[in-house]
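A short write-up of the structure that comes next.
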Amino acid sequence: MKNKMFYKIAGAIFAIFALGTAQADEWDMPTPYPDKTFHTQNIIQFAKDVEESTKGELKIKVHTAGSLFKHADIKNAVRGGQVPIGEFFLSLLSNENPVFGVDSQPFLATSYEDADKLWHAQKDVVSKLLDKQGLMILYSVPWPPQGLYVRKEISSVDDLKGVKFRAYNATLERLASQIGAAPTQVEVPDIPQAFATGHVEAMITSPSTGANSKAWDFVNHYYDIRAWLPKNVVVVNKRAFRRLDKSVQEAVLQAAAAAEKRGWEMSRQETTEQTKVLADNGMAVHEPTSSMLKEFQALGNQMIDYWVSEAGPEGREILNQYNAK
Ligand code: PCA
């Protein structure tokens with residue numbers, strides 16, 4: 001009993017001492033996606049870079065696959081200071097303000113060049129909105145172009161009517177409803193289970209998420225429609241960031257810039273590599289027919305009109321900037 005007390009007091013004294021001298025910090029970092037995901041791998045490298053360049057003054061402990069906070073709660077956990085840093089899917093915030101969701105508008109930006117342009121047009125607006133919530137964007141990386149996974153071959157968008165469709169944000173849910181499919185929100189770690197239990201039968205996502213989820217276990221066809229390139233962001237709580245020594249702040253920013261560059265490169269590589277993984281595992285990888293693409297694009301145009309009407313002047317400004325470049 002006495003012994004226990006001694007350790008408790010010694011521990012408390014040590015903790016106060018450690019705080020007082022602002023020695024090493026350890027940051028918990030929640031992320032939504034499984035370990036194998038290239039975004040997660042990139043974050044693990046980012047954490048290593050920070051630890052190395054600060055000689056251990058700041059350690060970032062990555063908690064993957066929604067294990068520390070559920071995906072939907074990560075932003076608010078960083079905002080509220082429960083954790084100093086975290087990653088989430090940017091367009092999840094489109095229910096707060098549609099400008100967060102411009103990268104998920106179907107057929108607006110469908111190549112890496114256009115995704116980069118769109119990010120430049122969007123960045124100031126979303127940075128300001130997040131700044132008001134006490135958050136700073138460290139970096140952002142896109143997923144590979146989004147393709148369609150289905151059980152049976154399709155020849156037109158009409159063939160998706162009534163199909164139980166996995167969605168990951170409000171825009172995709174809307175798209176699915178427009179098609180006449182039945183959308184359900186499912187997080188990435190739950191995809192295999194959702195298909196196995198028949199909750200969903202089709203999805204639109206990247207070749208990365210398809211391959212990482214072993215899509216061939218539950219669907220046979222992949223249509224490479226390259227509909228949009230949505231992004232993840234890594235944000236930091238501004239107060240937590242300001243508490244770091246200047247040199248540590250600098251190291252975090254440098255590691256973030258490197259992670260952004262590396263992440264975009266990884267994403268491009270994933271596009272070809274993971275599409276090949278789908279084919280190697282027996283999936284039929286199809287180029288969409290031009291009539292199917294036209295149908296999808298028409299839907300995309302309707303969705304963008306709707307988005308503009310919701311996003312107001314800020315949204316229009318983003319599109320003007322995007323189109324000007
Ligand atoms: N994978 C994530 C987001 C976009 C992607 O390619 C998902 O399917 O939820």
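Whatever order the structure lists them in is the order used to number ligands and atoms, beginning at 1.
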(request) For atom 1 (N) of ligand 1, grab the closest protein heavy atom and report residue, atom and distance to one decimal in Å. (result) Thr209 OG1, 2.7 Å
(request) Please state whether Arg166 comes within less than 4.0 angstrom of ligand 1, counting heavy atoms only. (result) yes
(request) For a ring-ring contact (aromatic ring centres under 6.0 Å, His included) with His39, tell me which candidate from Phe46, Trp143, Phe89, Phe88 qualifies. (result) Trp143
(message) Please determine whether salt bridge (Lys or Arg N to Asp or Glu O under 4.0 Å) holds for the pair Glu57 and Lys246, giving the CA-CA distance in whole Å, both sets of side-chain angles, and the decisive distance to 0.1 Å.
(response) CA-CA 12 Å; Glu57 250 194 83; Lys246 272 275 166 313; over 6 Å; no
(message) Minimum distance, heavy atoms only, to atom 7 (C) of ligand 1: which one of Ile191, Val188, Val186 is it?
(response) Val188
(message) Checking the N or O distance criterion of under 3.5 Å, is ligand 1 in contact with Thr205?
(response) yes
(request) Quick one: do Trp119 and Leu229 satisfy side-chain contact (heavy atoms from CB on, under 4.5 Å)? Show the steps, please. (result) CA-CA 10 Å; Trp119 177 223; Leu229 287 81; over 6 Å; no
(message) For atom 6 (O) of ligand 1, what is the closest protein heavy atom, and at what distance to 0.1 Å?
(response) Ser206 OG, 2.6 Å
(message) Please report whether ligand 1 has a polar contact with Trp143, defined as an N or O pair separated by less than 3.5 Å (distance criterion only).
(response) no
(message) Measuring centre to centre across the rings, with the benzene-like ring taken for any Trp, is Tyr33 within less than 6.0 Å of His71?
(response) yes
(request) Would you kindly specify which portion of Gln146 sits under 4.0 Å from ligand 1, judged on non-hydrogen atoms: side chain, backbone, both or neither? (result) side chain
(request) Over 60° means perpendicular and under 30° means parallel, so classify the ring planes of Phe218 and Phe195, tilted if in between. (result) parallel
(request) Begin with the C-alpha distance, continue with both residues' side-chain angles, and end with the deciding distance and a verdict on side-chain contact (heavy atoms from CB on, under 4.5 Å) for Ile74 and Glu87. (result) CA-CA 7 Å; Ile74 292 178; Glu87 179 202 36; 5.9 Å; no
